[in-house]
Structure formats: C-alpha cells, structure tokens
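As structure tokens, the structure follows; a few thoughts come after it.
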Amino acid sequence: MTQLVEIPVWLLVLIVGFAAIAALDKVMLPSVRWFFRRRLEKAVAQLNERLERPIQPFKLARRYDMIQRLIYDPEVSQAIADHARAEGVPENVAFEKARKYAREIVPSFSASAYFGFAIRAARFLSNALYRVRLGHHDEEALKQIDPKATVVFVMNHRSNMDYVLVTYLAAERSALSYAVGEWARVWPLSRLIRAMGAYFIRRRARNELYSRILARYVQLAMRGGVTQAFFPEGGLSVQGKLMPLKLGLLNYIVDGFEQTERDVVFVPVALNYDRVLEDRVLLQAAQSGRRRFRARISVIAGFALKQLWLRITGRFYRFGYAAVSFGAPVSLNAFIDQYPSETTRRLGTFLFNRIGELVPVLPVPLTASVLLEQGAMTRAEVEAAMKEAMAHMPQAHIHLPRQDHAYMAEVGLRHLLKRHIIRQDGDIYRIDEKERPVCQFYANSIAHLAGRKIAENAATAKQHSAAAGS
C-alpha cells in the first residue's frame with residue numbers, strides 16, 4: 001500500500017485535471033450558482049417594487065427547466081405520439097425533434113441583460129435616431145388593469161425599430177416577451193434577443209408538431225402571467241399600410257384560455273415613423289414578392305458607421321418623429337362573455353381596427369399624402385392641403401410639432417427633400433418620379449384614416465366597436 005507507483009506526466013495531468021473538473025462541478029459550481037441566484041433574486045425583488053407589473057416566476061425559470069417542462073407537457077407528449085404515427089417514425093425520433101423545436105422556441109430571459117443593458121440601449125437608440133413622442137394613451141385605464149392579469153400588447157409592424165421603441169416606452173411597466181421571426185436568428189444578435197425574453201417563431205417550414213409545441217409554450221407563458229407582445233400582421237408591412245390580419249398567436253391564446261384562471265388583457269398599440277429604416281428593402285421585397293429579410297451584420301455595421309461619422313462631423317440629423325399610441329385595454333374574459341362564438345376572429349378584427357384608429361399622423365406621411373393627391377405645390381399650398389387633410393380625419397391622433405401647421409409642413413418637406421424623394425424647382429415642390437413608390441409607402445400608413453380601406457380583415461370590426469369598446 002505504501003509502494004511508489006510511476007506514471008507518465010501526461011497521465012498525471014489528466015487525472016488531476018479530471019479531479020479538478022469533478023470538484024468544480026460537484027462542489028464549487030453549485031455554491032457559485034447558488035450565490036449568484038440569491039443575488040439575482042434580491043435584485044429582481046427590488047426591481048419588482050418599482051415595476052407596474054412585476055416579473056413573473058415563469059419568466060425567471062431556468063431555460064433548461066422550461067424546455068423540460070414543455071416537452072414533457074401532456075399535450076406535447078400527445079403531439080409527439082401523433083407525429084410519430086403520422087410520419088411512421090419511432091417515438092424517440094419524434095421526441096428528439098420536439099426537443100429541437102422546444103430549444104429553438106424557449107428564451108433564456110436575463111433580468112440583468114434586459115434592465116441593465118437592453119432598456120438603456122433602447123432609450124439611447126430611440127432618442128439618437130428619432131424625436132420620440134408618446135401619442136394617445138389612457139394612463140388611468142392602463143393602471144386599472146387587474147395586477148393578476150396577463151397583459152398582451154398587440155401592435156402594427158412598421159419597422160424592426162418597433163421592438164426597440166416599445167421596449168423603451170414600456171420600461172416602467174414590465175419586461176416584454178416578444179414573438180420574433182427568423183430575421184433575429186443571426187449570431188450574435190440571437191443570443192441577445194433570447195436573453196431579453198423573446199421567443200423565436202418560424203414563419204415557414206412549420207409542421208403540426210412545431211405548431212402544437214409553439215401553441216403550448218404561448219399558453220404556458222400566458223398562464224404564468226408573462227407580459228407578451230406580438231404583431232397580428234405576422235411580419236413587416238412591405239407597402240407601408242396595415243397588412244392582412246393573421247390569427248395564429250391570438251388563436252393559441254384564446255384556445256388555451258380558461259375563464260376560471262387569470263384574465264388576459266389586450267392592449268392595442270400603434271406606431272408610425274417619419275422614416276422607416278428599412279423602407280427601400282421592404283419596397284424591394286414587395287416588388288419581388290419574396291418576404292425574406294436577411295439581417296446582414298455587414299450592412300447594419302456600415303449603416304451605423306455612416307451615422308457615427310455624420311454625427312462626428314456635425315452633419316447628422318435625426319430621422320424625424322417616431323410616435324407610439326396605446327389604446328384602451330380589452331379584457332378577454334369580458335369579450336368571451338359578449339361574443340362566445342367565433343371569439344378569435346371577432347377579437348382579432350376588433351383589435352386590428354383599434355390599431356388602425358390609433359396610428360399616429362406624423363409630418364412626413366401627411367406631406368407625402370398631400371403631394372400624391374394634389375401634385376406639385378408651393379410650401380403655402382402644402383400647408384393649406386395638410387390643414388384640409390387633418391380636418392377630414394377628426395378622430396385621428398395627429399402630432400402637430402410646436403402646435404404650428406407651418407412648422408409641420410416645413411418638417412415634412414425638409415425630410416423628403418433630404419432623401420431626394422421630392423425635389424424643389426424654385427418655389428414648387430414635386431415628387432421625383434423614381435421615388436414615387438417610397439412616397440406612397442409613407443402615405444399608405446395613414447391612408448385609412450381619411451376614410452380609405454385599411455384591409456379586408458379590418459372592415460368587419462366596425463360593427464363590434466360600439467359593443468366591445470370598453
């Protein structure tokens with residue numbers, strides 16, 4: 001027992017290394033994790049004291065635990081068995097596919113990443129690029145939402161800045177969990193977005209198994225009280241106007257809702273911009289018919305560097321106004337009581353119509369609209385045409401800078417001139433024919449407010465407005 005044993009140095013290094021790893025894994029790491037977990041819990045408790053809607057335990061669960069809970073859920077287990085039977089594959093193969101889908105969907109929310117970095121970055125970026133304005137909002141109605149209810153923000157989708165802008169403006173209320181598309185699954189952007197609590201959704205290449213796992217995750221998050229946000233259009237508007245309504249996520253929420261459990265309250269949100277960063281990319285997609293937007297890091301970096309250089313050289317001007325309006329909350333409990341049949345369709349069209357009514361009217365969209373309707377004009381004629389247009393949309397939420405119609409016309413013309421969408425010949429302003437589609441893109445965002453058609457799906461919502469308005 002006391003004899004010496006000779007072993008090679010490399011083997012000794014391996015033995016010591018494996019022993020160190022084992023000690024680290026079994027003794028030190030659990031203690032370290034417990035220490036940081038305790039610090040996180042204290043930080044979240046302090047944070048919840050100032051948030052209008054505290055962060056729910058469901059959102060703070062470890063990602064691994066959430067994935068396990070999802071794939072072993074009885075409804076998902078049944079979906080796995082159905083998929084195996086339909087595809088003629090062993091259940092263990094279907095189970096692994098379900099695990100892959102769950103890992104793809106489930107976020108890994110980090111309170112420190114969200115409130116320590118994301119909120120600050122969203123505030124800085126929003127105010128660096130735009131003059132941010134809060135449009136219509138009923139503060140008292142929002143404060144009166146049942147604290148135990150799950151809040152869902154339902155928004156129109158104008159730009160990828162929507163995520164940034166609403167995150168910034170809702171920072172004092174709660175941490176939002178967004179449904180994001182494939183564009184965000186680009187490293188390293190994907191890791192940051194997942195840490196902010198967003199969950200990824202495939203717009204294409206979906207099957208029944210994937211849809212049932214996604215539905216179950218949304219339902220579990222809803223029952224867990226997680227504040228969510230999604231776009232009923234299902235993607236970015238490629239023509240500037242509201243896109244046809246899609247009921248996928250809304251259907252998951254309604255199907256998984258039990259009136260005996262916590263209520264779900266929908267808050268319609270409408271956004272508009274004097275400049276949409278991706279406007280030309282979206283128009284190209286509309287012309288080609290392909291809705292695939294690849295988030296190329298090189299393009300994003302080039303744009304950021306260009307704006308930084310303009311700022312350094314003193315030639316940077318913000319991209320005009322960006323405005324967000326928050327509508328009156330809509331209780332799912334109350335809506336089901338009033339409309340027990342076809343609830344999803346009626347609720348979707350009602351919320352969609354509310355969003356359309358809330359879209360802010362900003363200088364550039366209004367200037368583009370009057371130039372398209374009346375052709376070449378002087379500045380005085382543009383101002384007069386804008387006043388007349390505003391008179392024809394009395395219910396619209398119009399942002400009038402400095403409460404001055406002349407200044408509103410000046411802002412709209414200045415931004416369109418700077419981007420060469422219009423040109424000036426002496427005292428006359430006219431649209432550059434090559435840029436007419438861009439001009440139409442901005443005018444489309446408010447066209448429905450002057451009595452034009454929003455979208456086929458929104459038309460039927462009017463008949464429900466009086467009954468379900470409060």
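In this text, all values refer to a predicted model and were calculated from it rather than measured experimentally. Positions are given from 1, in the same order as the sequence printed here.
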Distance-minimising heavy-atom pair for [X] and [Y]:
| X | Y | answer |
| --- | --- | --- |
| Met408 | Leu400 | SD-CD1, 3.5 Å |
| Tyr199 | Pro107 | CB-CD, 4.1 Å |
| Ser369 | Ile446 | CB-CD1, 4.4 Å |
| Leu358 | Pro268 | CD1-O, 3.8 Å |
| Ala286 | Gln239 | CB-CG, 4.2 Å |
| Phe352 | Met243 | CZ-O, 2.9 Å |

May I ask you to decide if [Y]'s main-chain N or O and [X]'s side chain share a donor-acceptor pair within less than 3.5 Å?
| X | Y | answer |
| --- | --- | --- |
| Arg63 | Val106 | yes |
| Ser126 | Arg123 | no |
| Tyr210 | Arg202 | yes |
| Asp138 | Ala328 | no |
| Asn251 | Gly248 | no |
| Arg103 | Ile67 | no |
| Asn156 | Leu271 | yes |
| Arg133 | Ala323 | no |
| Asn272 | Val359 | no |

Do [X] and [Y] touch side chain to side chain, with heavy atoms closer than 4.5 Å?
| X | Y | result |
| --- | --- | --- |
| Val361 | Met393 | yes |
| Arg158 | Glu278 | no |
| His415 | Arg275 | no |
| Arg402 | Val411 | no |
| Leu347 | Tyr339 | no |
| Val276 | Tyr442 | yes |
| Phe153 | Phe326 | yes |
| His399 | Arg131 | no |

Nearest 0.5 Å please: distance from the [atom1] atom of [X] over to the [atom2] atom of [Y].
| X | Y | atom1 | atom2 | value |
| --- | --- | --- | --- | --- |
| Ser331 | Asp337 | OG | CG | 8.0 Å |
| Ile398 | His136 | CD1 | NE2 | 14.0 Å |
| Thr167 | Leu125 | OG1 | CG | 11.0 Å |
| Met222 | Thr150 | CE | OG1 | 7.0 Å |
| Leu129 | Phe124 | CG | CZ | 8.5 Å |
| Asp255 | Thr344 | CG | OG1 | 5.5 Å |

Just wondering, more than 12 heavy atoms not from Arg120 lying within 6.0 Å of its CZ?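 For Arg120, atom CZ is not crowded (no more than 12 foreign heavy atoms under 6.0 Å).
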After noting the C-alpha distance and the side-chain angles of Leu220 and Leu70, does the key distance pass the side-chain contact (heavy atoms from CB on, under 4.5 Å) rule? CA-CA 8 Å; Leu220 290 172; Leu70 183 58; 4.0 Å; yes
Under the ring pair (Phe, Tyr, Trp, His ring centres under 6.0 Å) rule, what do Tyr130 and Tyr273 come out as? Steps first, then yes or no, please. CA-CA 9 Å; Tyr130 296 99; Tyr273 301 85; 5.4 Å; yes
Would the Tyr101 and Phe200 ring centres measure less than 6.0 Å apart?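 No, the ring centres sit 6.0 Å or more apart.
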Indicate, with yes or no, if the rings of His157 and Tyr163 have centres closer together than 6.0 Å.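 Yes, close enough.
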Under 3.5 Å, is there a donor on one side chain and an acceptor on the other for Gln440 and Asn444?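 Yes, side-chain donor-acceptor contact under 3.5 Å.
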One pair to check against side-chain contact (heavy atoms from CB on, under 4.5 Å): Ile145 and Val267. What are the steps and the verdict? CA-CA 10 Å; Ile145 296 174; Val267 178; 4.2 Å; yes
Given Leu209, which partner from the list Ile80, Asp82, Leu214 fulfils the side chain to side chain contact (heavy atoms under 4.5 Å, CB included) test?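 Answer after filtering Ile80, Asp82, Leu214: Ile80.
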For the pair Asn92 and Glu96, evaluate side-chain hydrogen bond (donor to acceptor under 3.5 Å, both in side chains) and give the outcome as yes or no after the intermediate values. CA-CA 6 Å; Asn92 64 320; Glu96 287 305 317; over 6 Å; no
Which class fits the ring pair Phe350 and Phe335: parallel under 30°, tilted 30 to 60°, perpendicular over 60°?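 If you compare the ring of Phe350 with that of Phe335, the planes turn out tilted.
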Between Val324 and Met155, does a side-chain contact (heavy atoms from CB on, under 4.5 Å) hold up when you go through it step by step? CA-CA 10 Å; Val324 183; Met155 308 182 291; over 6 Å; no
Step by step, work out the side-chain contact (heavy atoms from CB on, under 4.5 Å) result for Arg419 and Phe319. CA-CA 10 Å; Arg419 299 191 62 203; Phe319 301 148; over 6 Å; no
